Amino acid sequence: MDELITEVIKVHVQEALREIFPEEGVEVIVEPAKDTRHGDFATNVAFLLARRRKKSPREVAQELQKIFQEKLQEIARVEIAGVGFINFFLTDHFLLSRLKRVFIEEEDFGAVNLGQNRRIQVEFVSVNPTGPLHVGHGKCAAFGDALARVLAKAGFQVEKEYYVNDAGRQIDLLGASLEARCRQLLGEDVEIPEGGYKGDYLIDIARQFLEEKGEALLNLPEGEKREIFKQFAVESILRDIRADLDRFRVFFDVWFHEQLLYQNDTVKTVLQILAEKGYTYERDGALWLKTTLWGDDKDRVLIRENGLPTYFASDIAYHWNKWQRGFDQVIDIWGADHHGYIPRMQAAVSALGLPQGFLEIFIVQFVTLLRGGQPERMSTRQGEFIPLKELVAEVGVDVARYYFLMRDPATHLEFDVEEAKKKSMDNPVYYVQYAHARIASLFKEAEKRGLKIEPFDQLQEVRFRVQEEREIVKKILYFPDVVKNAAQLRQPYLICVYLQDLASSFHSFYNLHRILDREDLSLTSFRLGLCRAMQIVLRNALSLLGISAPETM
RNA sequence: GCGCCCGUAGCUCAAUAGGAUAGAGCAACGGACUUCUAAUCCGUAGGUUGUGGGUUCGAUUCCCGCCGGGCGCGCCA
C-alpha cells in the first residue's frame with residue numbers, strides 16, 4: 001500500500017529496520033518537516049531505538065543513515081541533523097512523477113483505504129422535533145456531515161442517521177402547547193402549560209392547524225385529541241427541520257423514529273437481555289441498571305416508579321438496534337449539555353456485551369454568536385434563539401459551514417456574524433475559494449490568448465524552476481495524508497487548516513511568479529499543470545466540507 | 001462539592017497527537033496593480049504557552065496540585 005507519500009518512505013524505512021534490527025518492533029512515524037532546511041520529511045526512529053539500545057540517538061541515526069540511503073536511493077537523499085533526526089530530501093523526479101496521479105485520479109485524489117470498507121454510522125443533529133434548528137444545531141450538523149464525508153473518502157462505508165425522539169413527555173408537552181396556542185388564537189384565555197414550548201413558531205403551526213383541521217377538533221375526547229396535536233406538531237416541525245438541513249446541504253440516509261423501538265419491542269428485548277445478565281435490580285419501585293460496574297457515578301433508572309421507561313432505556317434499545325443492523329462502529333455526536341450522559345451510555349453498551357470501541361461519542365461545544373459585540377447563548381428551552389435559517393440567510397451556506405468546521409468542535413466557537421459577512425481577507429472561506437477561482441480564471445485567460453498548452457503527462461520538460469513550485473507539489477501530494485489523519489482523529493477541521501495552508505502557498509506563488517508566459521510555453525504548460533493539480537485538490541478538499549468551489553468570484 | 005471540556009501574541013485560532021528556532025489571520029505600521037482576479041502578496045512589530053511541580057534525550061502536548069472560564073451532576077431531555 002503506497003497511496004500515501006509518507007507510506008512510501010515508511011515502507012522503505014521499515015524494511016531497512018528489519019534488516020538491521022530484526023528484533024526491534026518500533027512503530028515508524030514519518031512526518032513532514034516544518035523547515036525546508038530539514039528536508040521534506042523526517043523520522044524520529046533513532047530516538048526510539050536509542051532508548052532501547054542504550055546508545056545516543058545520534059549514534060543510532062548514523063548507523064541507520066547508510067542503510068536508509070541505500071533503500072531510498074530512487075526517492076530521496078537521507079541526512080542526519082540535530083541530536084538524531086533523520087531527514088529525507090525527496091528527489092524532484094519522485095515528486096513530479098507522483099504528481100501525475102492527481103490528474104489520473106481527479107476527484108478521487110485524496111481517497112485512502114483506512115476504513116477498508118468497514119461500515120460506520122454517524123448519528124447527529126437528532127434534535128427533538130419540538131422546535132426549529134438553531135445555530136448550535138448548525139454546528140453539529142456541519143460537523144457530523146463533514147465527518148461523514150471525510151470517513152467516506154477514507155474508505156469507510158458511511159451511513160448518516162437522524163434519531164427522532166417522537167415518544168415521551170417532551171412530545172406530550174409539545175402537543176399540549178400547540179393546543180394552547182390554538183385556543184389562544186381563538187380568543188380563549190389559556191396559558192402554555194408548565195415547562196411547555198413558548199416559541200413563536202408554535203403560533204404559526206397553530207394557525208396552520210386551524211386552517212387544515214378546523215376548530216371542531218378541539219372538542220374531541222382528550223386522548224384522541226392529544227394524539228392529533230402531537231402528531232401534527234411533530235410532523236410540521238420535522239418538515240421544517242428537514243428543509244433547513246436540505247438548505248444547509250446536510251442529507252440523512254435514515255430518519256429513525258424512537259417510536260419504532262416500542263412498536264417492535266426492542267425496548268422490552270433489551271431490558272430482558274440486561275436482566276438475564278444480572279445487571280438490573282429493583283429498588284424504590286423502579287428498575288435500575290448497574291452502570292457503576294463500568295465506572296459510572298451511580299446506577300441509573302430504566303423503568304420509573306410510574307412504570308414508564310426512561311429515555312435512557314430507549315437509548316439503550318436504540319444502540320442495540322444499531323448493533324443489530326451490523327455496523328462495525330457507530331459515532332454519536334451530542335451537544336455539550338449531554339456530556340454527563342456519556343459514562344452511562346458507554347456503560348450500557350458494555351452491559352450489552354458490545355465490543356469496546358463500538359460506540360464513539362463526540363461532544364460539540366456551544367456557539368456564541370457575536371453581533372455588534374453582543375454575545376448570545378443558544379438554548380431551545382428559553383424560547384429565545386437564533387434559527388439556523390436566519391444565520392444562513394445572512395452569511396450563506398458556505399460561510400456558515402466553514403466557520404463551524406474550522407475549529408475543533410470540542411472548543412467553544414465565537415462566530416462573528418459581522419466579520420463573516422465581509423467579503424474580504426477577514427474571511428477565511430473566501431480566501432480558499434478565491435484561490436480556486438483565480439486558477440479557473442488562469443485557464444480562461446490562457447484559452448483567450450490562444451496559448452498552446454501541453455498536457456502535463458506529455459510535457460517535454462518537466463522540472464522545477466523555482467523553489468515555490470516544489471513546495472506546492474509537496475503540499476498537494478500530502479493531501480491523502482491529511483484525509484487519513486482527519487478520518488482517524490475524527491477531525492474535519494484539519495481539512496480547513498490544510499486548505500488555508502494550501503491556498504496561502506498558491507496566492508503567494510501567484511504574486512511572486514508569472515504563470516502565463518507567451519515567450520516560454522514550456523514553462524507556462526508546466527505551471528498550468530501545477531495549477532490544475534492545485535485546483536483539483538482545492539475542489540476535493542472543499543467538497544469534504546460540503547463547500548462550493550466557485551469558478552469566478 | 002464531584003465530573004467533563006477549555007486556557008498559546010491585544011483579538012480569533014494553529015502547532016502534523018511527545019520533536020528541531022511555538023506559527024497564521026485580524027487589529028497596528030510600511031510597501032506592491034499601465035502586465036495572469038489587490039477577496040491577493042511582501043515586510044515590521046507582537047510570547048516566561050494561566051501557574052507550580054513531575055515524567056525524559058526532548059513537554060504547548062503526558063501526569064499531579066493550584067488559578068481562571070464554560071458545561072453538566074433528576075425516576076427531565
Side-chain angles (χ1 to χ4, degrees), chain A residues 6 29 31-35 37-38 42 44 46-47 50-51 56-58 81-85 87 128 130 165 168-171 173 195 283-288 297-298 300-306 308-312 315 335-343 363 365-366 368 370 377 380-381 406-408 410-414 416 419 422-431 433-435 437-446 448-449 478 481-482 485 488-489 491 493-494 496-498 500-501 503-504 506-517 524 527-528 531 552-553:
Chain A
T6 53
I29 293 174
E31 54 191 10
K34 281 180 192 156
D35 190 322
R37 280 172 302 179
H38 299 141
N44 63 345
F47 294 103
R51 190 168 307 171
S56 80
R58 180 91 197 178
V83 283
F85 290 96
N87 296 331
N128 286 2
T130 53
N165 283 110
R169 211 171 72 88
Q170 293 304 317
I171 299 299
L173 272 170
R283 195 182 74 202
D284 305 331
L287 184 72
W288 298 70
D297 295 341
K298 52 183 187 176
R300 306 291 172 175
V301 171
L302 294 167
I303 307 281
R304 288 177 274 193
E305 201 179 352
N306 64 11
L308 295 175
T310 57
Y311 273 80
F312 183 44
D315 282 343
D337 51 340
H338 284 65
H339 76 250
Y341 204 70
I342 296 175
I363 289 302
Q365 287 288 347
F366 291 115
T368 307
L370 295 176
R377 251 283 313 283
T380 347
R381 292 291 163 78
M406 64 196 283
R407 309 265 142 83
D408 180 346
T411 64
H412 299 250
L413 174 68
E414 301 226 349
D416 192 321
E419 184 190 285
K422 282 192 226 161
K423 296 197 169 182
S424 70
M425 56 177 135
D426 296 357
N427 198 317
V429 196
Y430 296 132
Y431 185 83
Q433 290 182 321
Y434 188 51
R438 260 185 161 174
I439 292 170
S441 160
L442 278 171
F443 284 106
K444 268 177 240 156
E445 185 63 24
K448 203 170 104 191
R449 293 186 190 180
Y478 193 59
D481 273 280
V482 175
N485 289 338
Q488 208 156 30
L489 301 165
Q491 287 291 18
Y493 88 89
L494 293 173
C496 294
V497 173
Y498 173 72
Q500 289 298 321
D501 185 46
S504 165
F506 174 73
H507 286 311
S508 196
F509 177 72
Y510 182 92
N511 276 276
L512 213 53
H513 304 289
R514 181 141 283 274
I515 291 157
L516 303 181
D517 186 343
T524 302
R527 288 192 171 160
L528 278 176
C531 287
T552 58
M553 283 178 76

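The chains referred to below are lettered A, B, ... by the order of the sequence lines, with proteins before strands, and numbering in each begins at 1. Computed from heavy atoms alone, side chains included, the values below leave out hydrogens, waters and symmetry copies. None of these values were measured; they are calculated from a predicted model.
Shortest non-hydrogen contact noted between A/Ala50 and A/Ser56 is CB-C, 4.0 Å. A/Leu173 and A/Gly195 get closest at one heavy-atom pair: CD1-O, 3.6 Å. Residues A/Thr552 and A/Lys444 approach most closely at CG2-NZ, 3.2 Å, considering heavy atoms. Annotation for A/Ala81 and A/Arg58: closest pair C-NH1, 3.9 Å, computed over non-hydrogen atoms. Considering every non-hydrogen atom in both A/Ala286 and A/Glu305, the closest pair reads CB-N, 4.1 Å. Summarising the geometry of A/Arg300 relative to A/Lys298, their closest heavy-atom pair is NE-O, 3.3 Å, with the distance given to 0.1 Å.
Residue contacts for A/Asp501: at a heavy-atom cut-off of 4.0 Å it reaches no nucleic acid atom on any strand shown. Residue contacts shown for A/Lys448 are absent, as no nucleic acid heavy atom lies under 4.0 Å away. Nucleic acid contact for A/Tyr341: none, since no nucleic acid atom lies under 4.0 Å from a heavy atom of the residue. If you check every strand for non-hydrogen atoms under 4.0 Å, A/Val83 touches nothing. In this structure, A/Ala50 reaches neither bases nor backbone, as no heavy-atom distance under 4.0 Å exists between it and the strands shown. Among the heavy atoms of the strands lying under 4.0 Å from A/Ala42 is at least one base atom, whether or not backbone atoms are also near. When heavy atoms are screened at a 4.0 angstrom cut-off, A/Thr552 is found touching base atoms of the nucleic acid. Among the atoms of the strands shown, base atoms are found under 4.0 Å from some heavy atom of A/Lys34. No engagement by A/Arg300 is indicated, since no non-hydrogen atom pair under 4.0 Å with the nucleic acid exists. Among the atoms of the strands shown, base atoms are found under 4.0 Å from some heavy atom of A/His339. Within the nucleic acid shown, A/Glu305 comes within 4.0 Å of at least one base atom, counting heavy atoms only. Among the heavy atoms of the strands lying under 4.0 Å from A/Pro32 is at least one base atom, whether or not backbone atoms are also near.
Comparing B/C62 with B/C2, their P atoms are spaced 22 Å from each other, to the whole Å. Nucleotides B/U37 and B/A32, compared at atom C1', are 16 Å apart to the nearest Å. To the nearest whole angstrom, the two P atoms, one in B/U51 and one in B/U61, are 11 Å apart. For the P atoms, the distance linking B/G50 with B/A15 amounts to 15 Å, nearest Å. Of the C1' atoms belonging to B/G18 and B/C63, the separation is 13 Å, rounded to the nearest Å. Across B/G19 and B/G58, the matching P atoms stand 14 Å from one another, rounded to whole Å. Remark: the separation of the C1' atoms in B/G25 and B/A39 is 14 Å, to the nearest Å. B/G72 sits 33 Å from B/U16 when the C1' atoms are compared, rounded to a whole Å.
Aromatic stacking of A/Phe47 on B/G58: not satisfied for centres closer than 5.5 Å together with planes under 30 degrees. Under the stacking criterion of a centre-to-centre distance below 5.5 angstrom and an interplanar angle below 30°, A/His338 is not stacked against the six-membered ring of B/G72.
For A/Val301, the side-chain atoms get nearest to B/C75 when compared with the rest of B/C36, B/C75, B/G72. In this structure, of B/C36, B/U37, B/G72, it is B/U37 that holds the atom nearest to the side chain of A/Ser441. Candidate nucleotides B/U12, B/A20, B/G19 were compared by shortest atom distance to the side chain of A/Ala81, and B/A20 ranks first. Listed nucleotides: B/C75, B/A15, B/C41. Nearest to the side chain of A/Asn511: B/C41. Checking B/A17, B/C6, B/C75 against every side-chain atom of A/Ala286, the shortest atom distance belongs to B/C75. The side chain of A/Gln365 lies closest to B/G70, out of B/G70, B/A38, B/C75. Set against B/U16, B/C36, B/C75, the side chain of A/Glu445 has B/C36 as its closest nucleotide. If you check B/A77, B/A17, B/C36 against the side chain of A/Gln170, the one that comes closest is B/A77.
Counting atom types as modelled, A/Asn44 pairs a side-chain N or O with a base atom of B/G19 as donor and acceptor under 3.5 Å. Side-chain N/O atoms of A/Tyr498 and base N/O atoms of B/U16 include no donor-acceptor pair closer than 3.5 Å. Within 3.5 Å, a donor on the side chain of A/Asn87 pairs with an acceptor on the base of B/A20, or the reverse.
In this structure, A/Phe509 atom CZ and B/A32 atom P are separated by 23 Å, rounded to whole Å. Between the P atom of B/C33 and the CG atom of A/Leu512 lies a distance of 15 Å, rounded to the nearest Å. With rounding to whole Å, A/His507 atom NE2 is found 19 Å from B/C33 atom P. Taking atom CZ on A/Arg58 and atom C1' on B/G58, their separation rounds to 16 Å, with Å as the unit. Taking atom CG of A/Leu494 as the reference point, atom C1' of B/A14 lies 10 Å away to the nearest angstrom. Following rounding to the nearest Å, A/Arg438 (CZ) and B/A38 (P) show an atom-to-atom distance of 5 Å.
At least one side-chain heavy atom of A/Tyr434 sits under 4.5 Å from a side-chain heavy atom of A/Met553. Between A/Trp288 and A/Arg283, some side-chain heavy-atom pair lies under the 4.5 Å cut-off.
By the rule that a glycosidic angle within 90° of 0 means syn, B/C67 does not qualify and counts as anti. With its glycosidic angle within 90° of 0, B/A17 is assigned syn.
A donor-acceptor contact closer than 3.5 angstrom is absent between the side chains of A/Asp517 and A/Thr524.
Applying the 4.0 Å criterion to OP1 and OP2 of B/A39, one finds that A/Tyr434 has a side-chain N or O inside that range. When the side-chain nitrogen and oxygen atoms of A/Ser508 are compared with OP1 and OP2 of B/C42, one or more of them lie within a distance under 4.0 Å. Side-chain N/O atoms of A/Arg37 include none lying less than 4.0 angstrom from OP1 or OP2 on B/A20. Taking side-chain N and O atoms only, A/Tyr431 has a distance below 4.0 Å to OP1 or OP2 of B/C41.
Ring pair A/Phe47/A/Phe85: centre-to-centre distance below 6.0 Å.
A stem is defined here as three or more consecutive Watson-Crick or G-U pairs, each with both distances under 3.5 Å; for RNA chain B these stems are B:1-7 with B:67-73, B:10-13 with B:23-26, B:28-32 with B:40-44, B:50-54 with B:62-66.
Classification of the A/Phe509-A/His513 ring pair by plane angle, with boundaries at 30° and 60°, yields tilted.
One finds the CG atom of A/Leu302 at 5.0 Å from the CG atom of A/Leu287 (value rounded to the nearest 0.5 Å).
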